[in-house]
Each structure stands twice: as structure tokens, then as C-alpha cells.
Visitor: 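Quick one: this structure, given as C-alpha cells, is what I'll be asking you about.
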Number of protein chains: 2
Amino acid sequence: MSIESGVNSGDIKFVSLAESVFERIENDILSGKYKKGETFTESRLSELFGVSRTPIREAIRKLEQENLIKVTTKGVEILGVSPGDIEDIYEIRGRIEGLAAKKCAGIITSEDLKKLEEIVDLQDFYTQKGLHEKIRDTDSAFHEMIYSICGSNVYSSVLSNLHHRILKYRKMSIQNPERARRAVIEHREICEALAARDGELADKLTVQHICNARDNIMRNFSE
Amino acid sequence: MSIESGVNSGDIKFVSLAESVFERIENDILSGKYKKGETFTESRLSELFGVSRTPIREAIRKLEQENLIKVTTKGVEILGVSPGDIEDIYEIRGRIEGLAAKKCAGIITSEDLKKLEEIVDLQDFYTQKGLHEKIRDTDSAFHEMIYSICGSNVYSSVLSNLHHRILKYRKMSIQNPERARRAVIEHREICEALAARDGELADKLTVQHICNARDNIMRNFSE
DNA sequence: ATCTGTGTTATTGTATACAATTATACAAGT
DNA sequence: ACTTGTATAATTGTATACAATAACACAGAT
């Protein structure tokens, strides 16, 4: 995130090379930079990122665990996320993200609510400006915040992982200005339901929101 | 698995130390051997498993990715799976495992079906003998097979991960002989629905099966 | 007594050397 | 032509040495 948004304390956190390499490779895969089937040797990645094989290997283990790569005797093979996976991801999110929203309604604090509304305001602002990357980042922030608030590590990790995996496609989706505007409105409605502590409504609105997002993405594929 | 069950080819697969250490630690955590909050230094794990820190660290990265441990500056802290997580896991499985079964009905082959029935036969056998570990292993095998057959990496990885995490509690559950017998019957019914290619029925039976398993486990907690 | 600074120790993070494994090319035999 | 064996090279797997970082204990000042 940017300077003003992510700073809660002035702490300077040490980030290992292994961790940053992991994040860079993950992002490259999820944003479609590497093609499915492409292979890299550890040495190649090592010189590509300018670090030794040790942190590369640690990053590889994490990517392996996320099913984004496959380790073979010839190197690391990119698996990535196929268009076919997208439908499954939306199917699952459609069934459980509403529940997460319902959980939120019962326990959300006024500070959480304020933060959530600020995120939507920002998303609104970026949508009017047409800044796609920023729109997607605030969109991510909204959903991640819901996952975080809902108070369940299980829901949070499952949903976060699924939402994360469709990075590339969400960016495509949001380039449709009509859909981008609609998404802001839907996020606002979810906020209002949470503010009213109406779990059933938050559930219903979230399910509908995900269904709409799914339809929009699938339209992109058929065009 | 045992010698006779897992052998499809005579291949002797090389398994790295990192991989086997990962599996051993994961199993130790999931079976409740290590308590939540317990910490280990890498050196301690290193001498515990008789290997250098390198494979230990690679195993740690994978466990970290599974949210089973947390790496701190003082060592590796065990997070494990809390009883509170169990309800969430069943809630999610209850919503999506039925869908996976439905997918299976459309594409299952007769070989798959035969294997699945063999698993249930074995589970039946072990249930009559009262061999808890074996019962749980065949129970795992049944569900993992469904995940594998359904033809979706997304469903498979999400469900497999969730199912895997409740290892300890499933063992407890199955020690109730009445529940163990019931589980065999329910598995058979799911098999029959799949054999008849009845997706709706397979869905409904699977959802009910998970609901029953959940109720049984929750009973264990309240007693 | 409490806070603060500093040296020490313990621990994780990284690089590198070496071992083990697997793939590949090529030759020889059938 | 095709298989089979073998040497070679490429790659992953592991151990170890060292660097960076963070925790800790303790002395000294206020």
C-alpha cells in the first residue's frame, strides 16, 4: 500500500529476501507475467533476482504449497491459475463469502466500520479517476478487510487465498467502467447492512455482489 | 498407506528430507502431539530429526503457508487447529463438498467407482475389527478420492486442506463405534448415487454425511 | 527504584561448497 | 532400426560456515 494508508506504527519491519522473492514471483504468476508450462531452474531464478539459491528455494516451497508451481527434476514449472479455475473459485466464494459477511455483522466495531467506509470512499475516488490498479487494490482491501473482521482464521485463509488467485481477472473485470461503478455501490450497500448489524442482509448482498462480479468476468471470456 | 494398497507401479520415488520432515511435523501438529504455543528453534528441530537446518527451514516454509506455525524471532511457534476452527471447517465443507460430489457424478469412470467401493469395503472391514487408525485412514482415502475425481484443482485443494486439518478430531469421532458404522453406510449410499450418476442425490447425501459427522464431533466436545 | 545504554548471546537469514539424483547423448550390441 | 548400457552434464538436495538481527542481562546514571 501507499505511505499514508498502511502506517499504523512507525515500525520498520525486516523482510527477508526469501519473503520478498516469494511475493515477487507470486505476483508475477498471478498477474500473468509467466506463462503456464514455462520452466525455470533455481540457478536461473537465483541470478534473475540477484540472490543465492537458499532464499529462492524457500520461496519455491511456499509457492509449491499454494499450487502455483510444480517442482520437477528439470526445474520449476509454472502452473498458474487457469480460466477454468475461475468459475470454481467464484462458485466457492459465492457459497461461503456471504457467511463471512454475516459473521462480521455480529462483531464489527465502529472503528472497523469507519475503516471499511474509508476504503469504499477511496475506491469511489479512484473509480471516478479511472485508475485501474488503484481500483483493484482498494477492491482487494475491502474484501480482505471483511475476511479479517469476520474473526475466523479458517474463513479468512480460505477466502483470502481464493480472492488472491484471481488477481489478473479482477483487473480485467474492473476495466469495465460500468462494472467498476456498480462494485462501489454494492460495497456501500454491504457497509450499510453491516452498520445496521443486519447479518442476513449483509449475507444476501455479498452473495449477489460476487455473483455479479462473476457474471462480468465470464462475459469478458466469451467476448 | 500400507504395502498392498498404495502400489500402482513398482516405482521407488525419491523423497527429500525436507519433504519427509514436513510431513512428520505436520502430522505431529495435526495429531495433537505438539501443544499450541509451544516453540522450537530450528537447531532443536534439526537435532530432533537428525538433519541439517536447510531441509528443516524448507519444511517450516510450507507449514507457515498452511498456517500451522508462526515464525518469530525466538523460533517456530505452534499454532495448530483450535476446537473453534472445527465448526468453521465443517460449516465450509457442508457448503461445498456436496458440489464436489455432484461434479463427480457427471464424470466418474467405472474404474474410479470400483476403487471407491474397494475403499468402503476396507473401511467396513476395519470398522468390524475396531481398528481406529485404519478406519480413519480409509475414511480419509474415501474423501480424498472424491476430491480427486471431481476434476477441479480448486475444489480439491480447498477441501483436501480442510479435511486434512481435522485429523485429530476425526480420530476421536470414529472411536464412537455407532458413528463408525453409520459412516460406512453413508459412504456406501454416496457410492450408489455416483454409480447411478445421480448428481443431485450424491450432493444431498454428502451434505447430510458431513452434517452428521459434525454433530458427532461436536457431541464429543460437549461431553 | 527505575530507566537507559551497552556488550553478550541466541536465533534466524544467506551464501557457498559439495553430494545425490536424474536427464541426455552417444556408442555398442542385437 | 531399435534397444541397452555407460559416461557426461545438468539439476536438485543437503550440510556447513558466516552474516545480520533481535533478545537478554547487567551495569551505571538519574
Side-chain angles (χ1 to χ4, degrees), chain A residues 7-29 34-80, chain B residues 7-29 34-80:
Chain A
V7 178
N8 291 325
S9 65
D11 295 3
I12 297 169
K13 189 169 75 178
F14 173 75
V15 176
S16 67
L17 291 181
E19 184 64 19
S20 77
V21 165
F22 164 69
E23 285 175 7
R24 288 174 65 183
I25 299 181
E26 186 190 41
N27 189 68
D28 285 347
I29 296 176
Y34 303 141
K35 277 176 279 187
K36 177 183 163 64
E38 203 170 353
T39 64
F40 297 87
T41 63
E42 292 177 1
S43 314
R44 174 111 184 74
L45 292 170
S46 178
E47 57 189 41
L48 217 59
F49 290 95
V51 300
S52 80
R53 278 179 54 219
T54 305
I56 295 287
R57 283 178 63 85
E58 296 189 11
I60 287 175
R61 292 298 160 265
K62 299 182 82 167
L63 293 165
E64 201 181 6
Q65 204 62 13
E66 284 195 332
N67 261 293
L68 290 177
I69 62 170
K70 189 172 75 180
V71 175
T72 71
T73 54
K74 310 176 75 170
V76 172
E77 184 186 337
I78 305 295
L79 296 179
Chain B
V7 178
N8 292 325
S9 63
D11 295 3
I12 297 169
K13 189 168 76 179
F14 172 76
V15 177
S16 68
L17 292 181
E19 183 65 19
S20 75
V21 164
F22 164 68
E23 286 175 5
R24 287 173 65 185
I25 298 181
E26 186 190 42
N27 189 68
D28 285 347
I29 295 176
Y34 303 141
K35 275 175 279 185
K36 175 181 165 67
E38 204 169 354
T39 64
F40 298 87
T41 64
E42 292 176 1
S43 313
R44 173 109 185 75
L45 292 170
S46 178
E47 57 189 40
L48 216 59
F49 290 96
V51 299
S52 80
R53 277 178 54 217
T54 306
I56 295 287
R57 283 179 63 87
E58 296 190 11
I60 286 175
R61 291 298 160 267
K62 300 181 81 167
L63 293 165
E64 201 181 7
Q65 204 60 16
E66 285 194 332
N67 262 293
L68 290 178
I69 62 172
K70 188 171 76 179
V71 174
T72 71
T73 55
K74 309 176 74 168
V76 173
E77 183 186 339
I78 306 295
L79 296 178

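Each chain gets a letter, A, B and so on, in the order the sequences are listed, and its residues count up from 1.
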Visitor: Can you tell me which residue pairs pass the salt bridge (Lys or Arg N to Asp or Glu O under 4.0 Å) test with a partner in residues 16-26 of chain A, sequence neighbours excluded?
Guide: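 Qualifying pairs, neighbours excluded: A/E19-A/K62.
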
Visitor: Using whole Å, report how far CD of A/E58 lies from P of D/dG13.
Guide: 14 Å

Visitor: Under the salt bridge (charged side-chain N to carboxylate O under 4.0 Å, His left out) test, which residues partner B/K70, sequence neighbours left out?
Guide: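 Scan of B/K70 (salt bridge (charged side-chain N to carboxylate O under 4.0 Å, His left out), adjacent residues dropped) gives B/E77.
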
Visitor: In whole Å, I'd like the distance from the CG atom of A/L17 to the P atom of D/dT21.
Guide: 10 Å

Visitor: For A/K74 and for A/E19, locate the closest nucleotide of DNA chain C by heavy-atom distance; then report the residue assigned to the nucleotide nearer the 5' terminus.
Guide: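 Result of the comparison: A/E19.
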
Visitor: Which residues within residues 41-51 of chain B lie with some heavy atom under 4.0 Å of an atom in DNA chain D?
Guide: B/V51

Visitor: Who pairs with A/N27 by side-chain hydrogen bond (donor to acceptor under 3.5 Å, both in side chains), at least two apart in sequence or on another chain?
Guide: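 Once residues adjacent in sequence are excluded, A/N27 has no partner under the side-chain hydrogen bond (donor to acceptor under 3.5 Å, both in side chains) criterion.
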
Visitor: Could you check which of C/dA23, D/dT16, D/dC24 has an atom nearest any side-chain atom of B/S52?
Guide: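 So the side chain of B/S52 is nearest to D/dT16.
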
Visitor: Mind checking what makes ring pair (Phe, Tyr, Trp, His ring centres under 6.0 Å) contact with B/F22, not counting sequence neighbours?
Guide: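 In terms of ring pair (Phe, Tyr, Trp, His ring centres under 6.0 Å), with neighbours along the sequence ignored, B/F22 is linked to no residue.
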
Visitor: Is it the case that D/dA15 (base atoms only) and B/T54 (side chain only) share a donor and an acceptor within less than 3.5 Å, ignoring hydrogens and angles?
Guide: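 Checked by distance alone, the answer is yes.
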
Visitor: Within the 4.5 Å heavy-atom criterion, are B/I78 and B/T39 side-chain neighbours or not?
Guide: no

Visitor: Could you check which of D/dA23, C/dA15, D/dG13 has an atom nearest any side-chain atom of A/R61?
Guide: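 Nucleotide nearest to A/R61's side chain: D/dG13.
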
Visitor: List, with names and distances, any nitrogen or oxygen atoms from the protein found under 3.5 Å away from nitrogen or oxygen atoms belonging to nucleotides 17-20 of chain C.
Guide:
none

Visitor: Can you find a pair of side-chain heavy atoms, one from B/L45 and one from B/T41, that are under 4.5 Å apart?
Guide: no

Visitor: Name the atoms and distances for all side-chain donor-acceptor pairs under 3.5 Å in residues 53-61 of chain A, with sequence neighbours left out.
Guide:
residue : atom : partner : partner atom : Å
A/R53   : NE   : A/E42   : OE1          : 3.0
A/R53   : NH2  : A/E42   : OE1          : 2.9
A/R57   : NE   : B/E58   : OE2          : 2.7
A/R57   : NH1  : A/E42   : OE1          : 3.4
A/R57   : NH1  : A/E42   : OE2          : 2.8
A/R57   : NH2  : B/E58   : OE1          : 3.1
A/R57   : NH2  : B/E58   : OE2          : 3.1
A/E58   : OE1  : B/R57   : NH2          : 3.2
A/E58   : OE1  : B/R61   : NE           : 2.9
A/E58   : OE1  : B/R61   : NH2          : 3.4
A/E58   : OE2  : B/R57   : NE           : 2.7
A/E58   : OE2  : B/R57   : NH2          : 3.2
A/R61   : NE   : B/E58   : OE1          : 2.9
A/R61   : NH1  : A/E64   : OE1          : 3.4
A/R61   : NH2  : B/E58   : OE1          : 3.4

Visitor: Are the side chains of B/I29 and B/L68 in touch, meaning some heavy atoms are under 4.5 Å apart?
Guide: yes

Visitor: If you take any heavy atom closer than 4.0 Å to DNA chain D, which residues from residues 62-72 of chain B end up in contact?
Guide: none

Visitor: Please give, in whole Å, the distance from D/dA19 C1' to B/R57 CZ?
Guide: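 The answer, rounded to whole Å, is 13 Å.
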
Visitor: Please list all pairs passing the ring-ring contact (aromatic ring centres under 6.0 Å, His included) test where one or both residues lie in residues 53-75 of chain A, with sequence neighbours left out.
Guide: none

Visitor: How would you list all residue pairs meeting ring-ring contact (aromatic ring centres under 6.0 Å, His included) that involve residues 49-71 of chain B, not counting sequence neighbours?
Guide: none

Visitor: For A/E47, give me all partners under side-chain contact (heavy atoms from CB on, under 4.5 Å), at least two apart in sequence or on another chain.
Guide: A/R44

Visitor: What's the CD1-C1' distance between A/I60 and D/dT11, to the nearest Å?
Guide: 11 Å

Visitor: Atom CD1 of A/I56 and atom C1' of C/dT14: how far apart are they, to the nearest Å?
Guide: 12 Å

